[in-house]
Each structure stands twice: as C-alpha cells, then as structure tokens.
**Student:** 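Okay, handing you the structure first.
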Amino acid sequence: MTFSIDPQIFERHPALRVGLIVVRGADNAIVHSEIIPLLRAAEAQVRSSLQAETFKEHPHIAAWQEAHKKFGNNPNRDQPSVQALVKRVVKGGELPSINSLVDLYNIISITHLLTAGGEDLDRTIGDIRLTLSAASEEFFEIGSVTADPPLLGEVIYRDDQGVICRKFNWREGDRTKLTNQTENAVLVVESLIDDGSLEKSLQELENLVQQFCGGSLKKYILSPDQVSVEM
C-alpha cells in the first residue's frame with residue numbers, strides 16, 4: 001500500500017510536509033484513564049497561550065487559512081481541523097474523548113498547533129493519496145448516510161473507492177474512521193511551516209501511541225523531495 005502526494009499539491013503548497021505514523025497491531029479498545037488528563041492539560045496550555053479574539057493570527061493557523069483559500073474554501077466556515085479544535089478550547093469548551101488513537105492525535109494537534117488525523121488501514125481500499133478532486137468521488141462524513149461529494153479542484157485525501165478526508169483536513173470520512181476495533185492505522189500530521197514542530201510532534205505521538213496502544217510503529221515525512229512511501 002502506497003501513500004502519495006500529487007505533485008500539483010506541492011506546486012501550490014511548496015512548504016507542505018506531511019508526517020505519517022503507520023501503526024500495525026495496535027490495541028485501540030482499552031480505555032486509558034491517563035489520556036484524559038493529558039488532553040485537559042493540552043487544553044489548559046492552549047487557553048494560557050492563545051486568545052479567542054486573536055488565535056487565528058498564530059502563524060500555523062494563519063498558514064492553513066491561506067492554504068484553504070487557495071482551493072476556494074472559506075476557512076472560517078469549513079475550518080482546518082486544528083482551527084476548529086483550538087476555537088472550541090479557547091472559547092472554554094473541552095474536546096470529547098473518542099478513542100485512544102484519536103485522543104492522542106488531538107493532544108498533539110492542539111499542543112503543536114498542527115493539523116492531524118488518521119485512517120483505519122483495514123478499511124481503506126488500495127492506495128492513499130493527497131490530490132485534487134475531480135468532483136466525482138464518493139464521500140460520506142462521519143456519522144452521515146448522506147453523500148457529500150467534494151467540489152472540483154478541492155484538496156482531498158482519497159483511496160481507490162473514494163474520499164477519506166475532505167478539504168485538506170476539514171472532515172474525515174465515515175468508512176475509514178478510527179474506531180475501538182482499529183488495529184492497523186496511519187496517523188497523519190500536516191505542517192506548512194518548517195520550525196521543527198513536525199518532527200517533535202511525530203516523535204511525541206509515536207511515544208504516546210506506543211505507550212497506550214502498542215503495536216509496531218514506523219514514521220515517515222513526505223515533502224517535495226519524497227512524494228510517496230510504501231506503508
């Protein structure tokens with residue numbers, strides 16, 4: 001199975017780097033009481049360092065705003081994932097606990113202000129690629145039975161069956177979502193600013209996944225110099 005990025009994406013976003021952690025044989029079913037305090041601590045850090053009125057001015061979030069505008073998305077309506085998470089937190093809300101893998105990448109996302117997500121590799125069909133939509137792909141948002149296909153030229157993650165994440169990092173698809181039954185997954189962390197945060201976040205995420213979910217883990221970083229990997 002290959003994970004690749006269309007060269008057109010790098011032409012539009014030359015600073016983009018996408019970090020991957022491929023997890024094999026994980027146990028995502030156990031509820032770990034230690035994870036929620038880590039999530040709450042990350043939220044507290046966000047509230048102490050960012051303000052509701054100005055958080056979108058942070059370089060990482062501002063960069064994603066511009067990236068979304070490039071393919072015609074309004075990032076204040078359909079928000080980059082990290083923007084949506086941080087907005088909820090700085091307005092006093094808490095992030096819900098979903099399952100260990102999702103909670104862990106959310107911790108990393110708000111700690112380092114990077115977009116993050118994940119896919120169940122046993123539910124993906126064929127290869128995964130980050131590319132531009134032809135507007136003919138199938139997509140069902142998590143929890144929905146109503147098709148919501150992407151727009152022409154929209155940045156999407158897709159496999160051989162359809163879209164698995166719309167608008168770069170706006171919405172995950174239902175078919176490949178991470179669940180308590182997930183054993184094999186790819187976790188994705190995206191960065192548009194080369195300040196060392198991607199490498200640091202990947203190492204922290206790898207350590208957390210190993211600690212709480214176990215399994216065999218491998219890290220990769222895709223960039224204009226390496227546009228694909230065999231997972």
**Student:** side-chain contact (heavy atoms from CB on, under 4.5 Å) for Val86 and His58? Distances and angles first, verdict last.
**Tutor:** CA-CA 11 Å; Val86 170; His58 188 282; over 6 Å; no
**Student:** With a 4.5 Å cut-off on side-chain heavy atoms, are Val188 and Tyr157 touching?
**Tutor:**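 Yes, side chains in contact.
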**Student:** Is it the case that the side chains of Asp103 and Ser97 hold a donor-acceptor pair, with the cut-off being a distance below 3.5 Å and no angle test?
**Tutor:** yes
**Student:** Salt bridge or not for Arg129 and Asp160, using N-O below 4.0 Å?
**Tutor:**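 Asp160 and Arg129: salt-bridged.
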**Student:** Below 3.5 Å, can you tabulate the donor-acceptor pairs from side chains in residues 140-156 to any protein atom, sequence neighbours excluded?
**Tutor:**
unit_1	atom_1	unit_2	atom_2	d
Glu141	OE2	Arg171	NE	3.0
Ser144	OG	Thr146	N	3.0
Ser144	OG	Thr146	O	3.3
Asp148	OD1	Arg166	NH1	3.1
Asp148	OD2	Arg166	NH1	3.1
Glu154	OE1	Leu151	N	3.0
Glu154	OE1	Arg166	NH2	2.8
Glu154	OE2	Arg166	NE	2.8
Glu154	OE2	Lys167	N	2.9

**Student:** Compare every heavy atom of Ser100 with every heavy atom of His32, then report the nearest pair and how far apart it is.
**Tutor:**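 Scanning both residues completely, I find the closest heavy atoms to be CD2-OG, 3.5 Å.
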**Student:** I'd like to know if the side chain of Thr111 and the backbone of Ile107 have a donor-acceptor N/O pair within less than 3.5 Å.
**Tutor:**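 Here the side-chain-to-backbone pair exists.
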**Student:** Mind running side-chain contact (heavy atoms from CB on, under 4.5 Å) on Ser201 and Val189 for me, showing each step along the way?
**Tutor:** CA-CA 8 Å; Ser201 68; Val189 182; 3.8 Å; yes
**Student:** Can you tell if the side chain of Ile35 reaches within under 4.5 Å of the side chain of Leu208, non-hydrogen atoms only?
**Tutor:** no
**Student:** Decide side-chain contact (heavy atoms from CB on, under 4.5 Å) for Glu138 and Val163; before the verdict, give the C-alpha distance in whole Å, the side-chain angles of both, and the deciding distance to 0.1 Å.
**Tutor:** CA-CA 6 Å; Glu138 167 189 282; Val163 179; over 6 Å; no
**Student:** Is Glu43 close to Ser48 at the side-chain level, that is, under 4.5 Å between some pair of heavy atoms?
**Tutor:**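 No; the side chains remain at least 4.5 Å from each other.
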**Student:** Closest heavy-atom contact between Lys69 and Pro75?
**Tutor:**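 Looks like CG-CD, 3.9 Å.
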**Student:** Any luck finding a side-chain donor-acceptor pair between Gln8 and Asp6 under 3.5 Å?
**Tutor:** yes
**Student:** Show me the side-chain donor-acceptor pairs of residues 209-222 shorter than 3.5 Å, one per line, residues at least two apart or across chains.
**Tutor:**
unit_1	atom_1	unit_2	atom_2	d
Gln210	NE2	Gly215	O	3.2
Lys219	NZ	Gln203	OE1	3.3
Lys219	NZ	Glu206	OE1	2.9

**Student:** Scan side-chain atoms only and decide if Lys56 and Asn76 contain a donor-acceptor pair under the 3.5 Å cut-off.
**Tutor:** yes
**Student:** Are Thr2 and Ile128 close enough that some pair of their side-chain heavy atoms sits under 4.5 Å apart?
**Tutor:**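 Answer no - side chains too far apart.
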**Student:** Distance check, rounded to the nearest 0.5 Å: Ile61 atom CD1 versus Ile193 atom CD1?
**Tutor:** 10.0 Å
**Student:** Whether the Thr115 and Glu190 side chains hold a donor-acceptor pair (N or O, under 3.5 Å, no angle test) is what I'd like checked.
**Tutor:**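 Looking only at side-chain atoms, Glu190 and Thr115 do form a donor-acceptor pair, the distance falling under 3.5 Å.
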**Student:** First locate atom CG of Asn184, then atom CE of Met231, and finally report the distance between them rounded to the nearest 0.5 Å.
**Tutor:**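 Output value for this atom pair is 10.5 Å.
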**Student:** Which pairs of donor and acceptor atoms, one on a side chain in residues 13-25, lie under 3.5 Å apart (sequence neighbours left out)?
**Tutor:**
unit_1	atom_1	unit_2	atom_2	d
Arg17	NH1	Glu199	OE2	2.7
Arg17	NH2	Asp194	OD1	3.0

**Student:** To the nearest 0.5 Å, what is the distance between CG on Leu202 and CD on Glu204?
**Tutor:**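 Output value for this atom pair is 10.0 Å.
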**Student:** Let's go through Phe3 and Asp127 carefully: what are the C-alpha distance in whole Å and the side-chain angles of both, what is the deciding distance for side-chain contact (heavy atoms from CB on, under 4.5 Å) to 0.1 Å, and is it a yes or a no?
**Tutor:** CA-CA 6 Å; Phe3 194 114; Asp127 297 327; over 6 Å; no
**Student:** Would you check if Ile164 and Arg158 make a side-chain contact, meaning some heavy-atom pair closer than 4.5 Å?
**Tutor:**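 Sidechains of Arg158 and Ile164: no contact.
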**Student:** Looking just at side-chain N and O atoms, do Asp120 and Thr182 make a donor-acceptor pair shorter than 3.5 Å?
**Tutor:**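 There is such a pair (donor and acceptor under 3.5 Å, judged by atom type) between the side chains of Asp120 and Thr182.
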**Student:** Please say yes or no: joined through hydrophobic side-chain contacts below 4.5 Å, possibly via intermediate residues, are Val89 and Ile108 part of one cluster?
**Tutor:**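 Linked within one cluster.
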**Student:** Any chance you could measure Thr179, atom OG1, to Lys177, atom NZ, to the nearest 0.5 Å?
**Tutor:**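 Output value for this atom pair is 7.5 Å.
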**Student:** So, taking the atom named CZ in Phe71 and the one named OG in Ser133, what distance separates them when rounded to the nearest 0.5 Å?
**Tutor:**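 Phe71 CZ to Ser133 OG: 10.5 Å, rounded to 0.5 Å.
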**Student:** Donor-acceptor pair, distance only, cut-off 3.5 Å: does the side chain of His60 make one with the backbone of His112?
**Tutor:** yes
**Student:** Do Phe55 and Trp170 share a hydrophobic cluster (ILVMFWY, side-chain heavy atoms under 4.5 Å, transitive)?
**Tutor:** no
**Student:** With no hydrogens and no angle check, do the side chains of Gln181 and Asn28 hold a donor and an acceptor under 3.5 Å apart?
**Tutor:** no
**Student:** Just say parallel, tilted or perpendicular for the rings of Trp64 and His68, cut-offs at 30° and 60°.
**Tutor:**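 It falls in the perpendicular class, over 60°.
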**Student:** Consider side chain to side chain contact (heavy atoms under 4.5 Å, CB included). Of Leu187, Ile98, Val186, which one does Leu178 pass it with?
**Tutor:**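 It is Leu187, the one option of Leu187, Ile98, Val186 that forms the side chain to side chain contact (heavy atoms under 4.5 Å, CB included) with Leu178.
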